[in-house]
A.B. asks: 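Pasting a structure here, questions to come.
Numbers restart at 1 for each chain; the letters A, B, ... are given by sequence-line order, proteins then strands. This structure is a prediction, so every number in the text was calculated from the model and none was measured.
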Amino acid sequence: MTAQAKFYYLHNHLRSCLNELRSHALRSMLTTLGIVIAVAGVISIVAITEGMNHSLVKNFSQLGTETMMVRQNIFKAMNNDVLQPMTEREWFALQNLQTGISAVAAFSRVELPGTGVSGVRISYAGRSQIGRLLATSANLPQMTGRYPIDGRYFADSDSDARRRVCLVSEELAATLNLQLGANKPLLQIGNFQLQVIGIMPGGNRDILGTSADVYLPLGFAMQLNPKDIALEFGFRSLDESNTEHIKRQVNQLLRQIQGTRPNETANFVIENATELKQFQTDTLGTIRTVLLLVIAISLIVGCIGIMNVMLASVSERTREIGLLRAIGASQSYIQSLVLTEAAILTTVGALAGILLGLGIATIIAAGIPQIEQVILPPAAVVLTVCCAILVGIACGALPARKAALLSPITALNLE
Amino acid sequence: MLELHQISKHYQPGGQLIEALKPISLTIKAGEYLAITGTSGSGKSTLMNILGLLDLPSRGDYLLDGVAISSMNDQQLSQIRSEKIGFVFQSFHLLNHKTALENVMLPQTFGTVPLSDIRQRATHLLQQVGLAERIQHKPAELSGGQRQRVAIARALMNQPKVLLADEPTGNLDSQTTLEVMALLEALNQQGQTLILVTHEPEIARRARRCLVLRDGEVVSDHLQRCTDPTQF
Ligand SMILES: Nc1ncnc2c1ncn2[C@@H]1O[C@H](COP(=O)(O)OP(=O)(O)O)[C@@H](O)[C@H]1O
Ligand SMILES: [Mg+2]
C-alpha cells in the first residue's frame, strides 16, 4: 500500500467507526460513563495530591531542616479533653530557655465576630474580599524565611504600642488593587481600620499555617480578642545534632508551666521540620495509594461495563456484520472496527474524565487552605490516556473476536 | 470465468449427514445470464454462497477468473469478494440507520479510495438505478422496489465481475418485480455477468441459461431458456 492509500484506508476506517458511534450516540455515551468517572477520580486525586506536595516542598525548602514548631495538640480536643491553649506565658518561658535555640516566633489565627469558614470580610477603597487573619510576633519572617516584598514587617514596638498596622498578602493586594504609597493605605476589617505597612509574598495558603491574607501584630490582636488567641511557636535549633535534646527540654518546660499531670496528654505537639515533612509526605502517599486503589477497582468495573455493552452491540449488529463480510470485509477488518470503536470510546471517555477531574480537583482544592494550586503533571495525562486506550483495546478484544468469527451466512439469515 | 469441478457440500449437524450439494461441475462465462432454480431446500442458496465465496465447498475445486480459491485465507477471500462479486439479497440487507447514499458507499469504505470519489461514484450509481431524488433517504422511507434498487447500486459499487442475486424479487409485488428484473437485465445487456437464484418459474424463464436443482443435484442445464416449468 502506498502512503496515500494507507491514509485513505485509515480515514475511511475511522469514519466508519465514528459514524457507527454517532448513530448510537446514547449507547456510546453510557458506555464511556464508567471510564469518565474512573479517570475523573484518578485525575482529581493526582491533581490535588500533586498540588499538596508542591506546597509541602515549597514551604519546607523555605523553612530549612532545623526549624521546630510547637503547635496545639488538636487531637486532645477531638478526644473530648479540655485543650489548654498556649499564651504569652509559654512564649516568654520558651524565650528564656537556656538551650541552643533561636528567637521564638509566635503566631495565632485571629477570628473576629462574623468570621466564616473562609475568613472575614476585608475592604479597601470600595473593593472587598473574604480573607484570613494571622497575628504574629515581629520575628516571624526570620523563622519562615518569607520577608515582605514591599514595605517592612512590623517591629516589636508596633506590637507593644498596640499600633493598628498590618501587612497584606501579594494576592490580596492584587485583588483589592492596593499599593503602598507615600500615605499608607487604610484597610477596613470588621469595625477596625488598619494601616498597611507592607506586602508579603504569595497567597494565604501553606502547609504550616504561617501564611494569611492579613498579618497583624500580636499586641493589637490580643487587645481585640484575647480569649481566642491560641499561640503556636516556631524557632530554629542552633545545634542541629541536638534536636532530640531540645525537644525533650521544651516538652518538659511547657508541661511544667501548663501544670500538665504526668500521665496526661500534653496540650501541644513539637514538630521538627524534617519529621513533619516526612510525616506529611507519608500521609499524602498513603491517602493517594488508598484512593487510587479504590479507583482501580472502579476502573475494572467500568471495563466490564464496556465489554458488556460492546458484546451486546455486536449481537445487535450481527446482521450488519454479516453484510459487511458479504460485501468484502475481512475478519481482521471487522475485528479492528470493533477494537477501534472501543478505543475511541475509552479515549474520548478519558479526555472527558480529565476535564471533569480537573474541575472536581479545582473545586475541592478551593476548600483546602494548604493547597495553593492544583497541579496535573503532563505525564499523568499521557499515562491516563494510554491506559484508557489499552483498557479499550482489552475490553474490545473479546467482542471484536466474537464479531470477526461470526459466520456471514448465518448472520445474514437472521431476521 | 467461473469454473466448478466436482463441487459438493455437506453439513453434519448432530452427526446426521446432509448432502446439500452433490458433486456439481459447471462453467459460467463472462456476460452470461444464468438462473439457478429449483424447489425450496434444493440447494440453490448453498450453491450461490459457494459461488460468492461466502462458504467453502466440502470437496472439489473452484476456479474464479482462473484462480483456485481452495488454498486462500480469509483475507484473500474477502478481497476477491470485495473486488469481483456483488450480492443482491431477498431481504435487501440495507443498514437502516444509514441513508441510501451511505449504504451504496459501504463496499468501498474498507478500501483505499478517497471518500469524495466514493461519494461521487455512489451518487452516480443511484442515478443509474433511477433513485437520484432519494439519495438522502433512509431505507425506512423507501418502498421495497426502491430498497432493492439501492441494494443493486451497492452491489455494483466495486464493478464486480459477477452479480449474484438470491431471490431478489422474493419480497416484492409483481409490478416492482418487473421493474427490478428489467434493471438487472439491462445491466446484463451492458455486459454484466448475472446469476439469479429463484424458485419462481416465471422469473427463471427470463434467463438465457437455466440450471435446475433438485435435492442438491443438477437435473437440467439448458443453454437456452427454461421452457418446461414442470421440470421443477
Ligand atoms: N448450515 C446448515 N446446516 C445444515 N443444513 C443446512 C445448512 N444450510 C443449508 N442446509 C440444508 O441444505 C439444503 C439446501 O439448502 P438451501 O441451499 O438453503 O436451499 P434453497 O436455497 O434451495 O432453498 C437444505 O436441506 C438445508 O436444510
Ligand atoms: Mg434459498
Side-chain angles (χ1 to χ4, degrees), chain A residues 1-28 313 316-341 400-401 403-415, chain B residues 9 11 20 45-46 48-50 52-56 72-99 102-119 138 151 154-158 160 164 166 171:
Chain A
M1 252 198 253
T2 66
Q4 202 180 21
K6 221 171 247 167
F7 169 78
Y8 288 127
Y9 176 82
L10 284 177
H11 181 234
N12 292 339
H13 186 304
L14 219 62
R15 264 193 81 92
S16 303
C17 291
L18 290 174
N19 281 341
E20 191 56 50
L21 292 175
R22 201 173 321 131
S23 61
H24 299 108
L26 183 65
R27 187 178 66 198
S28 307
S313 113
E316 192 186 304
R317 284 153 61 192
T318 299
R319 206 174 62 93
E320 178 175 340
I321 291 163
L323 173 82
L324 289 178
R325 295 277 285 123
I327 63 179
S330 62
Q331 289 182 343
S332 63
Y333 179 85
I334 299 289
Q335 187 162 349
S336 79
L337 204 64
V338 178
L339 280 181
T340 312
E341 271 172 36
R401 185 142 183 80
L405 293 182
L406 277 175
S407 145
I409 305 169
T410 327
L412 281 174
N413 286 340
L414 277 182
E415 274 311 318
Chain B
K9 180 77 186 176
Y11 295 104
S45 296
T46 306
M48 202 193 78
N49 290 337
I50 289 173
L53 308 188
L54 282 182
D55 208 353
L56 290 174
M72 286 185 175
N73 62 22
D74 173 74
Q75 189 83 41
Q76 294 164 315
L77 289 174
S78 300
Q79 178 98 26
I80 295 180
R81 266 206 308 278
S82 155
E83 287 172 359
K84 302 194 171 170
I85 292 161
F87 279 105
V88 178
F89 303 95
Q90 175 174 359
S91 46
F92 323 129
H93 288 312
L94 298 178
L95 303 188
N96 293 326
H97 57 271
K98 289 192 190 306
T99 64
E102 288 166 337
N103 268 289
V104 177
M105 287 164 65
L106 209 56
Q108 287 196 341
T109 53
F110 27 90
T112 58
V113 183
L115 199 67
S116 55
D117 295 4
I118 302 178
R119 192 176 289 123
K138 297 266 173 79
R154 180 181 64 195
L156 295 174
M157 195 62 190
N158 280 329
L164 294 174
D166 192 354
N171 282 359

A.B. asks: Can a donor-acceptor pair be found between the side chains of A/Asn12 and B/Thr109 at a distance below 3.5 Å?
C.D. replies: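 There is no such pair between these side chains.
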A.B. asks: By a 4.5 Å heavy-atom criterion (distance strictly below it), what part of B/Gln76 contacts chain A: side chain, backbone, both, or neither?
C.D. replies: neither
A.B. asks: Is there a donor-acceptor contact under 3.5 Å from the side chain of B/Lys9 to the main chain of B/Thr46?
C.D. replies: no
A.B. asks: Heavy-atom cut-off 4.5 Å, strictly under: side chain, backbone, both or neither for A/Arg317 against chain B?
C.D. replies: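 Looking at A/Arg317, nothing touches chain B.
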A.B. asks: Answer yes if the side chains of B/Asn158 and B/Glu83 hold a donor-acceptor pair under 3.5 Å, and no otherwise.
C.D. replies: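 No donor-acceptor contact under 3.5 Å links the two side chains.
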A.B. asks: Please classify the contact of B/Asp55 with chain A as side chain, backbone, both or neither, using a heavy-atom distance under 4.5 Å.
C.D. replies: both
A.B. asks: Given ring-ring contact (aromatic ring centres under 6.0 Å, His included), test A/Tyr9 with A/Phe7 step by step and report yes or no.
C.D. replies: CA-CA 5 Å; A/Tyr9 176 82; A/Phe7 169 78; over 10 Å; no
A.B. asks: Ignoring hydrogens and geometry beyond distance, is a side-chain donor-acceptor pair present between A/His13 and A/Ser336 at under 3.5 Å?
C.D. replies: yes
A.B. asks: What part of B/Asn73 lies closer than 4.5 angstrom to a heavy atom of chain A: side chain, backbone, both or neither?
C.D. replies: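 Contact with chain A is absent: no heavy atom of B/Asn73 under 4.5 Å.
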A.B. asks: By a 4.5 Å heavy-atom criterion (distance strictly below it), what part of A/Leu337 contacts chain B: side chain, backbone, both, or neither?
C.D. replies: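 When you check distances to chain B, no heavy atom of A/Leu337 falls under 4.5 Å.
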A.B. asks: Would you mind checking if A/Arg22 and B/Glu102 are paired as a salt bridge, meaning a charged N to carboxylate O distance below 4.0 Å?
C.D. replies: no
A.B. asks: Quick check on the interface: out of A/Leu10, A/Asn19, A/Leu324, who has the most heavy-atom pairs with chain B under 4.5 Å?
C.D. replies: A/Leu324
A.B. asks: Looking only at side-chain N and O atoms, does B/Gln75 offer a donor or acceptor that is under 3.5 Å from a partner on A/Ser332?
C.D. replies: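 The criterion, which ignores hydrogens and geometry beyond distance, is satisfied for B/Gln75 and A/Ser332.
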A.B. asks: So which part of B/Phe110 gets closer than 4.5 Å to some heavy atom of chain A, the side chain, the backbone, both or neither?
C.D. replies: both
A.B. asks: Determine the option with the most heavy-atom pairs under 4.5 angstrom with chain B, choosing from A/Gly328, A/Ser407, A/Ser16.
C.D. replies: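 Among the listed options, the one with the most contacts to chain B is A/Gly328.
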A.B. asks: Name the region of B/Leu94, side chain, backbone, both or neither, that has any atom closer than 4.5 Å to a heavy atom of chain A.
C.D. replies: backbone
A.B. asks: Could you tell me which portion of B/Ile85 (side chain, backbone, both or neither) has an atom closer than 4.5 angstrom to a non-hydrogen atom of chain A?
C.D. replies: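 Looking at B/Ile85, nothing touches chain A.
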A.B. asks: Among the options A/Pro408, A/Ala329, A/Gly322, pick out the one with the most heavy-atom pairs lying under 4.5 Å from chain B.
C.D. replies: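 Top count of heavy-atom pairs under 4.5 Å with chain B: A/Ala329.
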A.B. asks: Check whether any side-chain N or O of B/Asn49 sits under 3.5 Å from a backbone N or O of B/Leu54 as a donor-acceptor pair, and report yes or no.
C.D. replies: no
